[in-house]
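Down below is the structure, laid out as structure tokens.
Keep in mind the model is a prediction, meaning the values are calculated, not measured. Order of the sequence lines fixes the chain letters, A, B, ..., with proteins taken first and strands second; residue numbering starts at 1 for each chain.
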Amino acid sequence: MIGFATRRLLQAVIVMLVVALLAFTMFRFVGDPINQMVGIETSIEEREALRERLGLNDPIAVQFYRFITKAARFDFGTSYQFRQPVSELFAKRIPATLELSLTSALFALIVGIPMGIYAGLNRESPISKLFLSVSLVGISLPTFFIGILLIFLFSVTLQWLPSFGRGETVQIGSWWTTGFLTVSGLKALILPSITLGLYQMTLIMRLIRAEMLEVIRTDYIKFARARGLPDRLVHFRHALKNTLVPVITITGLQLGAIIAFATITETVFQWPGMGLMFLQAVQNVDIPIMSAYLLLTAFLFVAINFIVDMLYFFIDPRLRVGRP
Amino acid sequence: MKTKSIVAAAALLTAGAGSAVQAETLKFAFQGTLNNLDPYTLNETFTLSSLGNVYEGLTRRGSDLAIEPALAERWEIVEPNRWRFYLRKDVKFHNGNDFTAEDVAFSVERVQSEGSDLTTRVPADAKVEIVDDHTVDFVLSGPNPILHYEWDTFYIMDKEWTVENDAVKVTSASDSTANFAALNANGTGPFKVASHEAGVKTVYEKNDGWWDTPTHNLDTVEFTPISSDATRVAALLSGELDMVYPIPVQDIKRINDNAGTVALTGPELHTIFLGMDQMRDELLYSDVKGKNPFKDAKVRKAFYQAIDIEGIKKKVMRDLSTPSAIMISPFLFSKAGAFERYPYDPEAAKALLAEAGYADGFTVGMDCPNDRYVNDEAICQAVAAMLARIGVKVDLNAQPKAKYFAKVLASGNFDTSFYLLGWTPGSLDSWNVLSNLMNCRDEAGTGSPFNLGGFCDEKIDSLTKEILVEVDPEKRDGLIENAYQISHDNAYYIPLHQQGLAWGVADNVELVQRADNQFKFRFVTKN
């Protein structure tokens, strides 16, 4: 067990280092940050002095070493645009992203699971076929397009829901703002959560349907039926329970994906989270924010993978056998 | 903190119910963000435009951009090198402090200090002498007729407040912490900053103690940055916002067709032009070896005459541009009418090319930004297609501004052969255009740093020096005309057009669209 964990941990560290190196070198090619930081009339001498002070003239290796040693202490430097520590900026934006991600994950589960069960149990019914074709749309349309479509339908035409922002937020403690406690905050959550969660919802629905179809055919369900158990009990107690194992795994992994890839949805809805900040940083060549975001995202995936691996170890007894 | 704000909100509610006065809130969005409240940190239009609602300069500009008295009631030139400014009395900063000559002297010192991005606002050789509490002298080393031209955006800060809050040092681009002045504001202007979260939202509220009589009727202004064009337009169409800018030219019709919104269009000061490398002996990106075709005025004129500017105006800019024959907006130069573009004539252009020895044309690389000016990449594509008609093959390299500027500016060693650029003189005066774009430069960029093509004309250089110190307006404009004429005759640049402004506004809002693209709340009324 300890050996297994150490090996996985070591792998995780290597992955993080590689990502850091990639992020760091890649963003050197985005463009020159200096021109985004000063006005057009700033003299060449001042620009050069600024470059020197920011350490942009140092060799890449020196810059990378500085970056990585600081990052190890959770110091991601200072944002070029805001002149504030990146870690502070992220801390301010994390609540918005987490609330959006959580809501869209809940949406995906609450809508996706029943749809999947229904489609699995009644595979020939027209409603199931409708679900399947609708879900195909959800998978094939790009996120920003779905977002704009929803905005034009529900904000511009019907004027039911806001097209941008978080609405009113309430401050909880010194570090968390929430939109869950106000009407406008809840309204503002609807469209972006649907946009962000649609893909996951489709995925979960199709997964459950496929698993259901599989499980229904197994012997123990046939036996349960033969014993004369009522359908409801067979479907939910025996069949559903066994389909959920892969669903939980996928959901866990997808939650990471939702948080990490909320960038597009956040930009379309001007949702003041980390993703929006990342895209603004790309436009302004704010390298500290970009690298920190990429590292954070990588960390999220690595951490989730590690936890999932560990969970398998506990859930699946076969992994434990024959391992040192 | 929480309970306090609830009590305050409750008090506000009862007050509102009692007096039945409707609080007018203006909600608007812009594509970019307001990152910093320190008025000397970033010389950029939107930042200065926003802060101009909170801070004020000694002078300001009206809706037609004419210079008006602001914190200075009047001024005079007592000696050729000595300007005297009489300051307005009974002006208070938002925190209640008095505005005095001390504040002006302090602001001048601060704006010139290291780390300030607005050092050009006051000439480096200028000295400030305090005559009395409400009189200030600016002593210069030579005559300078445009001393106060850029003061519309040189905002006066409160010395006491800045010192007290340890914000004397300007938050510079390389600082790792934002000081107090970067996160808070204390001006004399018509609005105060009520709350500010960079990149998310900034709320302004009316300053009841403003010295001037308000012509606006706003109590609160809420600003949200919205970077996505489609979302910004949708938020206006749905009625969530009262004003958004800029709007894409292709959405103008949609906004006009929608009940309750209208697109406000007008000319902007930004001049878009083409430049050519006239310095290197061989172009970096061309199949012509051993010589530089752009050193020949015939080739430059051929390029000029190959461009169908009306076509660009109609097809690319959807009529939202004003073709231009000089490198400055006609609003900013009295003799602009004297200039006319070389006519669009592909045949004449071909003949000119043949005369210069390029009957079969040649290939040249072109650099172009794709997210900086209105339809910049589309303009370059159109230019490339037009040049193809006279046999010139253009290899277009269009890229985001962050990469584009890194390549073509001094920091990239002027790595370009043919490029598109835009320019607005910060002082709204021609001297700025001449000294930044038209004087000689060396390889490091000393001289005119933005003369990317590096052409060098001694006559323009000497005229520029004369213009700087010429005090007689009529004579001065004559000298400027001469300089532009030389540039025109030699086709050193190919001016294209002034791009247009396009703002989206709700029907019940009246505002002034200034040609410098600054949005001033004091010109807004909401019904």
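- Contact of B:Phe450 with chain A is made through the side chain alone, with heavy-atom distances under 4.5 Å.
- The distance from the CG atom of B:Leu118 to the OG atom of B:Ser113 is 10.5 Å, given to the nearest 0.5 Å.
- Within the 4.5 angstrom heavy-atom criterion, only side-chain atoms of B:Thr33, from C-beta onward, approach chain A.
- Both the backbone and the side chain of B:Ser227 come within contact range of chain A, judged by heavy atoms closer than 4.5 Å.
- For A:Arg93, the part lying under 4.5 angstrom from a heavy atom of chain B is the side chain only.
- For a residue to count as touching a neighbouring chain, one of its non-hydrogen atoms must lie under 4.5 Å from one of that chain's; by this rule B:Leu42 touches chain A with the side chain only.
- Chosen from B:Ser228, B:Ala198, B:Gly32, the residue pairing most often with chain A at heavy-atom distances under 4.5 Å is B:Ala198.
- The closest side-chain donor-acceptor pair between B:Glu240 and A:Ser155, if any, does not fall under 3.5 angstrom.
- Contact annotation for A:Gln81: both backbone and side-chain heavy atoms come within less than 4.5 Å of a heavy atom of chain B.
- Of the two parts of A:Glu88, neither the backbone nor the side chain holds a non-hydrogen atom closer than 4.5 Å to a non-hydrogen atom of chain B.
- The only member of B:Asp117, B:Val170, B:Asn179 that meets side-chain contact (heavy atoms from CB on, under 4.5 Å) when paired with B:Thr41 is B:Val170.
- For chain A, no part of B:Leu236 is nearby; none of its heavy atoms comes within less than 4.5 Å.
- Note that the CE atom of A:Met277 and the CH2 atom of A:Trp271 stand 16.0 Å from one another [nearest 0.5 Å].
- At a 4.5 Å heavy-atom cutoff, B:Ala29 makes no contact with chain A through either its backbone or its side chain.
- For chain B, the nearby part of A:Thr78 is the side chain; its heavy atoms alone come within less than 4.5 Å.
- With a 4.5 Å cut-off on non-hydrogen atoms, B:Ser116 touches chain A through its backbone but not through its side chain.
- Residues B:Glu222 and B:Lys201 are paired through a salt bridge, judged by an N-O separation under 4.0 Å between the basic side chain and the carboxylate.
- In this structure, chain B has no heavy atom under 4.5 Å from any part of A:Leu158.
- Using a 4.5 Å cut-off between heavy atoms, B:Leu409 contacts chain A through its side chain alone, with no backbone atom that close.
- Note that CD1 of A:Ile60 is 9.0 Å distant from CG of A:Leu56, once rounded to the nearest 0.5 Å.
- Only the side chain of A:Phe152 comes within less than 4.5 Å of a heavy atom of chain B; its backbone N, CA, C and O stay farther away.
- Interface summary for chain B: among A:Ser163, A:Ala96, A:Pro288, A:Gly165, the most heavy-atom pairs under 4.5 angstrom belong to A:Ser163.
- Contacts of B:Pro449 with chain A are made by both backbone and side-chain atoms, with heavy-atom separations under 4.5 Å.
- Only the side chain of B:Glu114 has a heavy atom closer than 4.5 Å to any heavy atom of chain A.
- If you check the side chains of A:Asp58 and A:Gln63, you find no donor sitting under 3.5 Å from an acceptor.
- Around atom OH of A:Tyr199, no more than 12 heavy atoms belonging to other residues, nucleotides or ligands sit under 6.0 Å away.
- Checked by atom type and distance alone, the side chain of A:Arg166 pairs as donor or acceptor with a backbone atom of A:Thr177 at under 3.5 Å.
- Contact annotation for A:Val268: both backbone and side-chain heavy atoms come within less than 4.5 Å of a heavy atom of chain B.
- In terms of non-hydrogen atom pairs under 4.5 Å with chain A, the most contact-rich of B:Val200, B:Leu183, B:Asp371 is B:Val200.
- Without hydrogens or angle criteria, B:Asn397 side chain to B:Asp367 main chain gives no donor-acceptor distance under 3.5 Å.
- Residue with the most contacts toward chain A among B:Gln399, B:Arg254, B:Glu44, B:Glu197: B:Arg254 (heavy-atom pairs, distance under 4.5 Å).
- What you find for A:Phe76 and A:Ala71 is that their closest heavy atoms are CE2-CB, 3.8 Å.
- B:Ile247 is not listed as a side-chain neighbour of B:Arg232, based on a closest heavy-atom distance of 4.5 Å or more.
- Of the N and O atoms on the side chains of A:Trp176 and A:Glu99, at least one donor lies less than 3.5 Å from an acceptor on the other residue.
- In this structure, chain A has no heavy atom under 4.5 Å from any part of B:Thr45.
- Taking chain A as the reference chain and counting heavy-atom pairs below 4.5 Å, the highest number among B:Ala444, B:Pro225, B:Gly239 is found for B:Pro225.
- Annotation: cation-pi pair B:Arg441/B:Phe414 present, NZ/CZ under 6.0 Å from the ring centroid and within 45° of its normal.
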